[in-house]
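Written below as structure tokens is the structure these notes are about.
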Amino acid sequence: MYTRIGLALSMLFTLIAGNATEKDNIRLVLGEEHVIVRGIRPEEHLWGPYQFPRPYKIGNRLLVAVHISNDDIEHYGETNRWFESRDNGKTWKEVNPEVEAQCGLLLPNGDRICFPQQSGVDVSDYVMTPIELYTPDYDFNKKAGPGTLPIPNGITYWMWNTEIRAYDADRLPEPLCRKEWVSKRLYAGDSIPRTENVKVDWPKLTRVVHTQGQKSVMKGVFPRGNPKIGPDGAIWVSAFSGEGHINPENGQYSPYYSAELFRSEDIGHTFKLHSYMEYPADGKYYPYLSGGFSDSDFEWMPDGSIVWFLRSNWFASTGEEWSPMYISRSTDMGKSWSAPKRFSELGTLPRLCRLDCGTTLICYARPGTFIRGSLDDSGYAWSEPLEVMTAADRSSLGNVKPTGKPSFHQWVGSCNNPELIAIDSNTALIFYSDFYYPDERGVKRKTILCREIKVETIE
């Protein structure tokens, strides 16, 4: 899906201290921290609750969803806590979770649509076909019977004794074979959203089953990215495959993630796979010790091209919390893409935000949290990283100091899954977590914060 076009990109892993960075004609200035919510102490539950903020802007209101459950496929769809600001992020108050329906993407016809994350489905009662029955005459085109899972198309493993079986959705019985996302649509003029099943044209959609002991859970299907209206009037959204997937081009199984872009030309009633990016592990430019291309984000540049940023780290499959982030570029509205090139040596959850002043911002993280701004109309040149959170060891900031070498998550003291949202023509807000933020008594708590990033022009 991509051609070999060289990209003149910085590959330096540069950590810049301070509150501003400048290069060429712009300067990024970082504002003060503002608390959205303080949660539990990190010692109570280090990973999962009070992480992963998702911001939305509706008129003069800012809304943020905060994840408060475990971080696993069984809890993706759990109810979040929601918070509102009416002064551009300076002060926040909690609001009813039903506000989620108002946060959907505003469509040209006045509807709003969102795609809530979906929790996994318990398939422990399904009969798994023993791998020993895989013989030369086994038919991989035959659909499994009710209550049965066929021989998988491929198997990979995570740490903690997790086996992950991958299945071509077309081989699965009802209802597991269905290719659809759940949407919440707030029709123009209505006050109550309707839950709808959106048909998705996804060749070789791969469903994965995580098994630990006697428990087997099939991961839900939903887009992880933030939907956007493209210059063509279509809805675009990024997604990624399961933990191991089937390449739609050749039908071959890969143990890596692949990233996908989908388009809808009927205001979100159906979606079709538009682009996908395989992870071409080669041990040099694309390390074998990687999760593949997973979380991604994209944006249209002023010259009409699209830049696509791709995460490659995934701790559970490799034991490494950071791996390179890559960039690819398309000049034909996503029909073809340049070969992904390293943009930085880290890059969990890249998020892009295009400002009306002409600058596109990108945030990424782990370890540390950073922002860069575009310096041209094509996405080739970017400013040096502006540091929001240091990549250095922060473990000494916790309530309980490590007695020995800190673990990685003690080191970073954050989930480092940031989000960006524009608030005016040259200003955005970054949202992120800090596990070591003090409350009124000085107790460090897992806290969701936001900070302003202003783009200033250097005369």
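Just so it is clear, the structure is predicted and the values come from calculations on it, not from any experiment. The chain is numbered in sequence order, starting from 1.
Using a 30° and 60° split on the angle between ring planes, W47 and H409 fall in the tilted class, from 30° to 60°. Using cut-offs of 30° and 60° on the angle between ring planes, the pair W160 and F315 is tilted.
Taking the side chain to side chain contact (heavy atoms under 4.5 Å, CB included) definition, one finds that S425 meets it with D356, sequence neighbours left out. For E98, the side chain to side chain contact (heavy atoms under 4.5 Å, CB included) test picks out N96, with sequence neighbours left out. With sequence neighbours left out, the ring-ring contact (aromatic ring centres under 6.0 Å, His included) criterion links Y50 to no other residue. Residues forming a side chain to side chain contact (heavy atoms under 4.5 Å, CB included) with S323 (at least two apart in sequence, or on another chain): S312, N313, E320. Remark: R207 engages no residue in a salt bridge (charged side-chain N to carboxylate O under 4.0 Å, His left out) (not counting sequence neighbours). Residues satisfying the side chain to side chain contact (heavy atoms under 4.5 Å, CB included) criterion with P255, sequence neighbours excluded, are T156, Y253. Residues passing the salt bridge (charged side-chain N to carboxylate O under 4.0 Å, His left out) test with D190, sequence neighbours excluded: R194. A search for side chain to side chain donor-acceptor pair (under 3.5 Å) contacts involving Y288 returns nothing, not counting sequence neighbours. Annotation: side chain to side chain donor-acceptor pair (under 3.5 Å) contacts of S238 (sequence neighbours excluded): none.
Under the 3.5 Å distance criterion, with hydrogens and angles disregarded, no donor-acceptor pair is assigned to the side chains of S290 and W314. Remark: the E278 side chain and the H245 side chain contain an N/O donor-acceptor pair separated by less than 3.5 Å.
Applying the ring pair (Phe, Tyr, Trp, His ring centres under 6.0 Å) definition to pairs two or more places apart or across chains, none involves residues 412-447. Pairs of residues two or more places apart, or lying in two chains, that qualify as ring pair (Phe, Tyr, Trp, His ring centres under 6.0 Å) and include a residue from residues 70-113 are Y56-W82, Y76-F222. Residue pairs meeting the ring pair (Phe, Tyr, Trp, His ring centres under 6.0 Å) criterion with at least one partner in residues 101-123, sequence neighbours excluded, are F115-W181, F115-F271.
The closest donor-acceptor contact from the side chain of K93 to the backbone of E84 lies at 3.5 Å or more, if one exists at all.
With F298 as the aromatic partner, R329 does not meet the cation-pi criteria of under 6.0 angstrom to the ring centre and within 45 degrees of the ring axis.
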